[in-house]
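These notes are about the structure you will find just below.
Quick note on labels: first sequence line is chain A, next is B, and so on, each numbered from 1.
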Number of protein chains: 2
Amino acid sequence: MDATVILRKHKLSKTTGRIEVLKLFIESDQALSEREIHSRIEYSFDRASIYRTLKTFSENGILHPVYGKNEMTKYILQQTPEEHLHFKCSECEKVMCLPEIKFNDIHLPEGFIKKEANYLVIGICDNCNL
Amino acid sequence: MDATVILRKHKLSKTTGRIEVLKLFIESDQALSEREIHSRIEYSFDRASIYRTLKTFSENGILHPVYGKNEMTKYILQQTPEEHLHFKCSECEKVMCLPEIKFNDIHLPEGFIKKEANYLVIGICDNCNL
DNA sequence: GTTTATGCAAATTCTTTGCAATACT
DNA sequence: AGTATTGCAAAGAATTTGCATAAAC
């Protein structure tokens with residue numbers, strides 16, 4: 001899991017901003033929003049550029065966007081090509097993968113083409129539920 | 001499927017705005033955003049009030065919010081209590097139910113509590129795929 | 001040297017909020 | 001009458017865009 005290796009694999013130019021953002025995701029066990037990235041990153045990276053980076057990474061399958069409540073998209077590293085459930089905690093706002101719960105065998109009705117999937121459960125996570 | 005009946009059942013006051021919004025959903029086979037509601041409704045209903053109405057309906061289980069790409073939440077009538085897949089077409093932007101594909105037997109890991117679920121596939125719908 | 005990404009500033013769009021006025025029960 | 005909802009205006013937040021500059025290949 002090396003940022004520059006991932007970038008090379010996807011034929012994306014290795015800029016400091018991209019590398020730093022990608023590192024953040026590699027180190028994180030949860031989904032991050034642009035706002036969280038901007039606040040955590042030490043390197044000064046313009047917000048518009050962060051958005052462009054997230055878009056590029058998603059288009060290349062490096063990140064998976066998770067659309068959830070509160071009008072904010074979070075992104076998470078696409079660890080496996082297998083589609084699985086994500087969970088958003090309404091207490092701590094953390095979004096994480098629940099890779100045990102998979103959705104590989106879903107087939108759509110005739111005529112529908114799948115391009116992207118989002119399986120999200122919102123509730124209380126094990127940590128907040130104490 | 002009568003708007004006033006639904007409102008009564010949920011002990012919500014029967015205001016013109018709520019009735020008109022609910023009618024729109026009853027007549028619609030697809031999810032609607034606040035913007036779409038505002039443009040389709042003949043009755044002059046303030047945008048802030050539409051948002052408040054959508055929130056109230058969702059809290060009462062009348063509508064189901066669907067969080068999707070393009071930072072806009074759409075809402076759809078909760079026809080059955082069964083959780084099922086929704087589909088968003090990236091061509092025509094239509095969001096619809098695919099009630100054939102159900103998710104009732106998903107059980108989360110120990111400690112997690114489900115409050116709301118969102119199962120969304122994004123792609124090309126049967127109508128745009130011609 | 002060309003192409004591509006970034007910074008900056010501004011614009012768009014979605015959504016929420018406070019408060020006085022109004023409609024519902 | 002009393003409570004809940006609405007209208008209005010303004011604020012807040014997320015996200016995008018144009019264009020000149022700078023960095024990557």
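- Side-chain atoms of B:R18 and B:S13 include a donor-acceptor pair closer than 3.5 Å.
- Note: NZ (A:K69) to P (D:dA14) measures 17 Å, nearest angstrom.
- For a distance-only test at 3.5 Å, the side chain of B:R52 qualifies as a donor-acceptor partner of the base of D:dG7.
- In terms of position along DNA chain C, the nucleotide closest to A:R18 lies nearer the 5' end than the nucleotide closest to the other residue of the pair A:R18 and B:R47.
- Ion pairing between a basic and an acidic side chain is recognised when a charged N comes within 4.0 Å of a carboxylate O; A:K74 and A:E93 show no such pairing.
- Counting non-hydrogen atoms of other residues, nucleotides and ligands closer than 6.0 Å to NZ of B:K55 gives a total of 12 or fewer.
- Atom CG of A:D46 is separated from atom P of D:dA20 by 17 Å (rounded to the nearest Å).
- Taking only side-chain nitrogens and oxygens, A:T15 never comes nearer than 4.0 Å to OP1 or OP2 of D:dA24.
- Distances shorter than 4.0 Å separate none of the side-chain N or O atoms of A:S49 from OP1 or OP2 on C:dA5.
- In terms of phosphate contacts, A:R35 brings no side-chain nitrogen or oxygen within less than 4.0 Å of OP1 or OP2 of D:dA13.
- The distance between atom CZ of A:R8 and atom C1' of D:dA24, rounded to the nearest whole Å, is 14 Å.
- At a threshold of 4.0 Å, the pair B:K94-B:D29 counts as salt-bridged, since one of the basic side-chain nitrogens sits closer than that to a carboxylate oxygen.
- OP1 or OP2 of C:dT15 lies within a sub-4.0 Å distance of a side-chain N or O belonging to B:Y51.
- For A:M72 and D:dT16, the CE to P distance is 14 Å, given to the nearest whole Å.
- Listed candidates were C:dG7, C:dT15, C:dC24. Nearest to the side chain of B:S13 is C:dC24.
- Using a 4.0 Å heavy-atom distance criterion, A:S33 is classed as making no nucleic acid contact.
- Close to D:dA24, at under 4.0 Å from its OP1 or OP2, lies no side-chain N or O of A:K14.
- For B:L54 and C:dC14, the CG to P distance is 13 Å, given to the nearest whole Å.
- The aromatic ring centroids of A:F25 and A:Y75 lie 6.0 Å or more from each other.
- Phosphate contact (OP1/OP2 of C:dC24, side-chain N/O of B:T16, threshold under 4.0 Å): present.
- Distances were taken from every side-chain heavy atom of A:Y43 (C-beta onward) to each of D:dA14, C:dG7, D:dT6; the shortest belongs to C:dG7.
- The phosphate of C:dT15 has OP1 or OP2 within less than 4.0 Å of a side-chain N or O from B:T73.
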